[in-house]
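Both ligands and their constituent atoms are indexed starting at 1 by order of listing. Since the structure is predicted, the reported quantities are computational estimates derived from the model, not experimental observations.
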Amino acid sequence: MPLLVMKFGGTSVADLARIENAARKVRREVERGYDVIVIVSAMSGKTNELVGWVEQTSHLYDAREYDAVVASGENVTAGLMALRLQEMDVPARSWQGWQVPINTTSAHSAARFVSIPRDNIDRKFAEGMKVAVVAGFQGISHEGRVTTLGRGGSDTTAVAFAAAFGAERCDIYTDVDGIYTTDPRITDKARKLDRIAFEEMLELASLGAKVLQTRSVELAMRYKVRLRVLSSFEDTDETSGTLVCDEDEIMESKVVSGVAYSRDEAKLTLVTVEDRPGVASAIFGPLAEAGVNVDMIVQNISEKDIGGGPKDVTDMTFSCPVNQVARAKKALEDARDEGHISYADLVVDTEVAKVSVVGIGMRSHAGVAARMFSALAHENVNIKVIGTSEIKISVLIDRKYMELAVQALHDTFELEKA
Ligand code: ADP
Ligand code: ASP
Ligand code: MG
């Protein structure tokens, strides 16, 4: 039997009516002759609520119990989806992560797949089951504890199942009808793309476009999964949505193909740190150990080099997610108290956002940075930190200008035009 993976995100299973709507889409594929593995998210808002309950109960919570709680949202929708399909006379069964089993590392709240043995699900398909409904976002560690894959992780569950079961395609059903040049919530000039290259989607996702979890794109690229994003609220067929595919399957070639943003960033500056070998390691080592995801890093030139005085001192600036600021501050203060680093001040700005332009065309075109900076200057948006790689340029700016910056960049690079 040919097999499809169909993933339904939170808004697509937000209530019983929507679960029924999703189930109809699944039934249609079964009628077309497919076996289907359905991956479900929790009902929209549910995971946030569960995370909130954990945080209210325990400030520096035990990550194993965090996972035990937040994984539960997907258990509910998996069971309900299987029941709804059965009501439609589609033979279906639900599977929680441990039942498959979805073996993961024990990095709680950020676990990675180790293996997905097929035997249990294959046996049920052989017995006549048409649909396996699998709870997304979760797995089991070798210690036998429930794990989760990080926010948005159901996308990654879907791609991993598509790879493990050799699915013809992995369809990600969501509340937008495809991948756009930027988040369609920010500008109505955003244009839907028919196709996007893995590399570009990988950058967009890692720079904040939450339409796909970064890791899902990585896996799809590595295992050559045909990955598609489409609407669960519209009638769809084989040509709907956006296909994420290899660069050489794409006709369109723009220098910049998308704009991404990450709203909840923070900028921290260590003022007057010694400029000597090992100082970066003394700062970023403890941050890594504390689980802080440091993103952009800037080190100023030494004061001595600009004739500022006899001592080699510099400022070190970095960014991280705003909800990790408390952890970052504690790690730095501990490192200072233990005598590993010294600094005069720690300046924290929690009101910043990151805006990025992405495009594989940047590899061969110069001048993208200049155009980007001039567009921002034109809107009077001050740039606080700049970061670049082969196919992206990112800037940290005041959060209140984030929408404006996205719109200005979308206009400057004429992304509304095909
Ligand atoms: P789901 O619950 O289905 O997983 P998400 O909320 O995680 O859905 O992802 C879909 C959302 O991603 C859209 O509603 C949209 O606001 C946002 N988004 C951000 N960037 C993009 C983009 N470039 N194209 C499409 N959607 C995007
Ligand atoms: N429910 C989880 C979350 O909200 C996983 C997912 O929906 O992909 O992050
Ligand atoms: Mg999602």
Side-chain angles (χ1 to χ4, degrees), residues 6-14 18 21-22 39-52 54 66-67 69-78 97 109-111 134-139 147-160 170-196 200-217 227-233 241-244 256-263 354-359 402-403 406 409-410 415-416:
M6 303 172 74
K7 179 255 174 179
F8 293 94
T11 43
S12 309
V13 292
R18 291 202 177 162
N21 168 64
I39 309 293
V40 285
S41 287
M43 292 181 178
S44 63
K46 193 67 205 173
T47 309
N48 285 344
E49 181 183 48
L50 295 169
V51 170
V54 169
Y66 167 95
D67 277 354
V69 175
V70 302
S72 67
E74 273 72 9
N75 297 345
V76 175
T77 44
S109 82
V134 178
F137 179 53
Q138 55 173 263
T147 56
T148 64
L149 308 173
R151 298 307 303 271
S154 298
D155 298 327
T156 305
T157 308
V159 173
C170 180
D171 285 342
I172 306 287
Y173 286 88
T174 184
D175 57 359
V176 280
D177 61 355
I179 297 163
Y180 281 70
T181 48
T182 193
D183 188 343
R185 285 174 212 253
I186 301 282
T187 168
D188 51 21
K189 290 188 192 161
R191 177 172 54 89
K192 201 193 98 191
L193 300 164
D194 289 331
R195 291 170 179 236
I196 185 166
E200 287 174 329
M201 191 59 232
L202 197 55
E203 285 286 1
L204 286 174
S206 70
L207 294 168
K210 68 171 187 158
V211 61
L212 286 173
Q213 198 196 33
T214 309
R215 184 94 184 105
S216 73
V217 187
L227 178 62
R228 189 166 70 139
V229 173
L230 68 172
S231 167
S232 67
F233 303 130
T242 303
L243 188 70
V244 190
V256 168
S257 53
V259 182
Y261 64 87
S262 170
R263 185 187 303 271
K354 183 172 65 171
V355 175
S356 313
V357 298
V358 170
M402 191 193 78
E403 275 90 353
V406 171
L409 295 172
H410 199 272
L415 298 185
E416 75 279 12

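Ranked by closest heavy atom to atom 25 (C) of ligand 1, the top entry among Ala205, Gly178, Ala209, Gly258 is Gly178. Of the listed residues (Asp183, Thr47, Ile186), the one carrying the non-hydrogen atom nearest atom 19 (C) of ligand 1 is Asp183.
Thr174 OG1, 3.2 Å is the protein heavy atom nearest to atom 8 (O) of ligand 1. Among all protein heavy atoms, the one lying closest to atom 16 (O) of ligand 1 is Arg185 NE, 2.5 Å. Nearest non-hydrogen protein atom to atom 13 (C) of ligand 1 is Asp175 OD1, 3.5 Å. Among all protein heavy atoms, the one lying closest to atom 24 (N) of ligand 1 is Tyr180 N, 2.9 Å. Considering only non-hydrogen protein atoms, atom 7 (O) of ligand 2 sits nearest to Ser41 OG, 2.9 Å. Looking at atom 3 (C) of ligand 2, its nearest protein heavy atom turns out to be Arg151 NE, 3.3 Å. Protein heavy atom closest to atom 4 (O) of ligand 1, with residue, atom name and distance, is Lys7 NZ, 3.1 Å.
Backbone and side-chain nitrogen or oxygen atoms of Gly152 are examined, and one is located within less than 3.5 angstrom of a nitrogen or oxygen of ligand 2. Residue Asp155 has no nitrogen or oxygen atom sitting less than 3.5 Å from a nitrogen or oxygen atom of ligand 2, judged on distance alone.
Using a 4.0 angstrom heavy-atom cutoff, Gly73 does not count as in contact with ligand 2.
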